[in-house]
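Notes to accompany the following structure.
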Amino acid sequence: QVQLVESGGGLVQAGGSLRLSCAASGFIFSIVPMAWYRQAPGKEREVVARIATGGNTNYADSVKGRFTISRDNAKNTVYLQMNSLKPEDTAVYYCSALGGGLNRYWGQGTQVTVSS
């Protein structure tokens with residue numbers, strides 16, 4: 001059974017930092033592209049960052065230069081380092097795995113709240 005468990009969310013002041021972690025199980029992590037998405041109240045879920053199996057990354061324009069996605073295949077874990085946080089980063093952040101047949105799997109989400 002695919003399982004993605006996020007941790008590291010919380011309340012932080014603008015300009016602060018958080019590091020999100022996603023522990024993966026139930027699949028061969030090292031061959032699966034991973035991503036972080038977020039969803040703010042009343043808005044569509046949007047991709048924040050992607051990381052390929054070999055480590056290539058891409059980011060939403062809104063987070064470039066501030067967020068860094070990384071993965072540790074030995075630990076079956078993907079991370080999202082978030083620096084210089086802004087109130088508009090407030091959202092539920094979801095870890096996601098792109099599985100077989102292009103099925104997408106989701107974690108439960110972790111709340112990130114950035115106060116001004």
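As the structure is a prediction and not an experimental result, all values here were calculated from the model. Residue numbers run from 1 in the order of the sequence given.
Grouping the Ile, Leu, Val, Met, Phe, Trp and Tyr side chains by contacts below 4.5 angstrom, directly or via other members, places Tyr59 with Ile51. Placement of Ile31 and Leu98 in two distinct hydrophobic clusters is found when ILVMFWY residues are connected by side-chain heavy-atom separations under 4.5 Å, directly or transitively. By the rule that hydrophobic residues join a cluster once side-chain heavy atoms approach within less than 4.5 Å of another member, Tyr37 and Val112 end up as members of separate clusters.
In terms of heavy atoms, Gly99 sits closest to Tyr105 at CA-CE1, 3.9 Å. Gly107 and Tyr94 make their closest contact through O-CD2, 3.6 Å (heavy atoms, listed as atom of the first residue, atom of the second, distance). Nearest heavy-atom pair across Val32 and Ala97 is CG1-CB, 3.9 Å. For the residue pair Ala91 and Gln111, the shortest heavy atom distance occurs at O-NE2, 3.4 Å. The heavy-atom pair separating Ala35 from Arg104 by the smallest distance is CB-NH1, 4.3 Å. Between Gln108 and Val5, the closest heavy-atom pair is OE1-CA, 3.6 Å.
Figure legend: Arg50 and Trp36 shown without cation-pi pairing, the cationic atom not lying both under 6.0 angstrom from the six-membered ring centre and within 45 degrees of its axis.
Side-chain contact between Arg45 and Trp106: present, with at least one pair of heavy atoms (C-beta onward) separated by less than 4.5 Å.
A salt bridge links Asp61 with Lys64: the distance from a Lys NZ or Arg NE/NH1/NH2 to an Asp or Glu carboxylate oxygen falls below 4.0 Å.
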**Request:** Begin with the C-alpha distance, continue with both residues' side-chain angles, and end with the deciding distance and a verdict on side-chain contact (heavy atoms from CB on, under 4.5 Å) for Ser62 and Arg38.
**Result:** CA-CA 12 Å; Ser62 59; Arg38 68 186 182 188; 3.4 Å; yes
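Scanning for side chain to side chain donor-acceptor pair (under 3.5 Å) contacts around Arg71 gives Asn73, with sequence neighbours left out.
Rounded to the nearest 0.5 angstrom, Ser115 OG and Leu85 CG are separated by 10.0 Å. To the nearest 0.5 Å, atoms SG (Cys22) and CD1 (Ile69) are separated by 9.0 Å. Between the SG atom of Cys95 and the CE atom of Met34 there is a distance of 3.5 Å, given to the nearest 0.5 Å. Taking CG of Leu20 as the reference point, atom OG1 of Thr110 lies at 6.0 Å (rounded to 0.5 Å).
Classified by interplanar angle (parallel below 30°, tilted 30° to 60°, perpendicular above 60°), the ring pair Phe67/Tyr93 is tilted.
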With a cut-off of 3.5 Å and sequence neighbours excluded, list every side-chain donor-acceptor pair involving residues 76-83.
| residue | atom | partner | partner atom | Å |
| --- | --- | --- | --- | --- |
| Thr77 | OG1 | Lys75 | O | 2.8 |
| Gln81 | NE2 | Asn83 | OD1 | 2.9 |
| Asn83 | OD1 | Ser17 | OG | 2.9 |

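In this structure, Gln13 contributes its side chain and Ser116 its backbone to no donor-acceptor pair below 3.5 Å. Under the 3.5 Å distance criterion, the side-chain polar atoms of Ser84 are left unmatched by any main-chain donor or acceptor of Arg66.
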